[in-house]
Structures are given as structure tokens and as C-alpha cells.
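So you know, we letter chains A, B, ... as the sequences are listed, proteins then strands, and number each from 1.
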There are 2 protein chains.
Amino acid sequence: MRSLVDQIEAYIKEMLARSPNGLLEIQRQELAQAFACAPSQITYVLSTRFSVEQGYLVESRRGGGGFVRIVKLPLNARDSLQFLVERIVGQEVSQQIAEGLLRRLEEDQLISRRERVLLRAAIRREALPLELPARDQVRAAILRSVLLTLMVPGMAGEK
Amino acid sequence: MRSLVDQIEAYIKEMLARSPNGLLEIQRQELAQAFACAPSQITYVLSTRFSVEQGYLVESRRGGGGFVRIVKLPLNARDSLQFLVERIVGQEVSQQIAEGLLRRLEEDQLISRRERVLLRAAIRREALPLELPARDQVRAAILRSVLLTLMVPGMAGEK
DNA sequence: ATCAACAGGTCAAAGATAGTCAAAAGGGCA
DNA sequence: TGCCCTTTTGACTATCTTTGACCTGTTGAT
């Protein structure tokens, strides 16, 4: 028999496929109940099968009315940015490298001039009151998050 | 199901939108009754969703004929940004407050929808791999930097 | 002036979700 | 079998919401 992870994974993908916008919002515990497993099992499925590398973005909210939102990032948008993410994930990024990356994004028209200025403000040294190497790590994490967001359906080409 | 806060928030915003002068006056208990909840729930909604950072001013009167007045203050000048910076400098900013602030910037058309989404990606919990309180402090610093950038001549109204 | 009734405010506890982490359980394979 | 990797679980933590007991300010009657 297929393992639980596999079943839950298949279920979520089925739901995503049916969703018109490739977006699914669901309660973790509800899903856990449906599969009669521990809620943390759902978290496990999400982290192993719906990771960034696999092209998914997962967000959530706790407390009453909480939920987990899963977004499928389209493949073509992924191709263009995937390598950038891989280059940065888990790494450190200096301000110089970061600015180069932003410039490149603008050149490739993935972000506007103004967006670049704003994002630059968010990752400049003065905006990150941390010592190295933490500063470069946080900068990497921020850029990673921004790049992922650029891959979300509807984000491309809407500058 | 959406949580009560979300419903009440939506209701108030709807009322505000209909109001000709962007002003709403209502009785706390009346609203609480309408939603069948504790009056303090209304206070909670007001403090989490209608904060100053989000561009709302809430005043009230107790006793007979008491009321709660909610006013939306438009953010159109550099002066107001200056105010926001001062409020945030050297402080900690939770993700919730930060998102409210960004929403407000968009509502007042100081940033576009897309810019908000990108900036949100830069300050969300997952993008800042730090423990509290450092995370909230870095978020404050980033927002401060972004706000200052928005104040730079030539940035306003060039979305 | 005083007091009772009538608002709204505060704050902490309880409730409702989701996340983290590591131990236990399974499964494949040398 | 022994080892390693993946899955499953549960105790503990973090975050957000909802409620209620108690507090403070206003108004109006006496």
C-alpha cells in the first residue's frame, strides 16, 4: 500500500489541479482528520513534497480561522528564476552581489526600476542591523523569498 | 470559515467605503450584538486591523450616547511618511503590523499592488531566519529603510 | 454633589490553529 | 542482521482569536 505521505500528496495535487488559480487553502487539522493522522504529518508532507525546489509556495496562519495556503508555481516562470534561487538558497549574499542580482532582474524586465529601488532599500546594509555573517544570510533569505514571489502566477509581467 | 475578526473587519471597511466622508460612527455593543460576540472582540478588531500604522484613527466616548468613531486618514504627503518612520524607528514590528502598514501604503497609492506583494515577501517570517526579538527588529529596520526611500524626491507617484 | 445607569477599555485566561523537533517505527538493501 | 533513510507520531512551542471579569469615563436624575 502507498504510504500516507503519498496519499496526502496525491490528494493535495488533485485539489490543486481542480482549483482554477492553482491555489488551495485548507485547514491542517481538517486534512489530518480526513487521513486520520497527526497534524504534524501534514506539515511533513508539505515540507517534503511541496517545497520550493518542487515549485510550490506554502503560507499559513495560526489561531482561530487558521489555514494553510498552497500555491503551485507554473513551470515556465520557474525556469527563468529557478537557477537564481538555487544559487542563493542557503547561501550568503553580499550587498554587492545582491545589487547585481536586482540590476539583472530589472534588465530582464522581471522588475521595474522603482521595484528595484524599493527592494534595494530592503536589503541594503543599513536596513539589516546584523553582524556578518548573519547579515548576508538574511539578505540571501529575503532575496530568495522575493524571487519565489516573482514566480507566483500573475506576478510576471504586471509591472 | 473565515474568523470573526475577518468578518467584522470586512463589515467595517464596507461601511467606511460607503460613507461619503470616510468616517464611521457606531456603538461597540451594537456591533458586538450584530455579530453575537463579546464587546471586547470589537476592541480587538479595532486594535489589530484599524491601527494607526494602517491609516486609521479610532476615537470613542463612553457613557450614554457613547460611540466608536473610525476615520481613514489618507496618506498622501511626505509628512505622513515621516510620521510612520518615527513610529517605527528603533522599534520592533510584527508581521501583522507590517502587513497592515503595507496594505495601507497600497490603499493610499504610495506603492502598487505588485510592490506590496514584493515587499511583503521581503518581510514575512519565513524570509527572516531569525529568532524573536531580532526578527521584529530587522523587520522594523527594513520598513524604515523602505519608507525613507519612498520619501526621496521623485519616488512618489511614479508607480 | 452624589449616585446609578450606561457606555467603552484593559488584560489575562482559555480556545483554536499551525510549527518544531526528536524519538519511534518502517522499509529497503548490503 | 545491521545500517540508513523515510515516515509517523506526539510533546512542546508559537501565534492568533475569543471571551469574561473588572476598570474607567459620561451622563442624567435627585
Atom pair distance, as rounded to whole Å: [atom1] in [X] and [atom2] in [N]:
X	N	atom1	atom2	result
L31(B)	dT18(D)	CG	P	13 Å
E59(A)	dT17(C)	CD	C1'	17 Å
E25(A)	dT17(C)	CD	P	14 Å
I8(B)	dC16(D)	CD1	C1'	14 Å
Q41(A)	dA24(C)	CD	P	18 Å
L130(B)	dA14(D)	CG	C1'	16 Å
R62(B)	dC22(D)	CZ	P	17 Å

Side-chain N,O ([X]) to OP1/OP2 ([N]) below 4.0 Å:
X	N	result
R2(A)	dG27(C)	no
Q29(B)	dA5(C)	no
S60(A)	dG19(C)	yes
R49(B)	dT17(D)	yes
Y44(B)	dT18(D)	no
T43(A)	dA18(C)	no
R28(B)	dT10(C)	no

Open item on the list: On DNA chain D, does the nearest nucleotide to G63(B) precede the nearest nucleotide to A36(A) from the 5' side, or the other way round? Give the residue.
Closed with: A36(A)
TODO: Please figure out whether R61(B) or L132(B) has its closest DNA chain D nucleotide nearer the 5' end.
DONE: L132(B)
- [ ] Walk me through it: do Q95(A) and E99(A) pass the test side chain to side chain donor-acceptor pair (under 3.5 Å)?
- [x] CA-CA 6 Å; Q95(A) 178 163 344; E99(A) 291 192 5; 3.0 Å; yes
Over all strands shown, is [X] touching base, sugar-phosphate only, or nothing at heavy-atom distances under 4.0 angstrom?
X	answer
I42(B)	nothing
R69(A)	nothing
L4(B)	sugar-phosphate

Open item on the list: Can you give me the closest heavy-atom contact between I111(A) and R114(B), atom names plus distance?
Closed with: CA-NH2, 3.6 Å
Task: Of the listed nucleotides dT8(D), dA18(C), dG8(C), the one nearest the side chain of Q27(A) - done: dA18(C)
Task: Given dT17(D), dT8(D), dT26(D), the nucleotide with the shortest approach to the side chain of S3(B) - done: dT17(D)
Task: L23(B) side chain reached by R69(B) side chain, heavy atoms, under 4.5 Å - done: yes
Open item on the list: Donor-acceptor pair, distance only, cut-off 3.5 Å: does the side chain of E107(A) make one with the backbone of R104(A)?
Closed with: no
Open item on the list: Would K13(B) pass as a cation-pi partner of F50(B), given that its NZ or CZ must be under 6.0 Å from the six-membered ring centre and within 45 degrees of the axis?
Closed with: yes
- [ ] Report yes if a donor N or O on one partner sits less than 3.5 Å from an acceptor N or O on the other, where the partners are the side chain of S40(A) and the base of dG10(D); otherwise report no.
- [x] yes
Task: Short side-chain donor-acceptor distance under 3.5 Å, E53(B) and S51(B) - done: yes
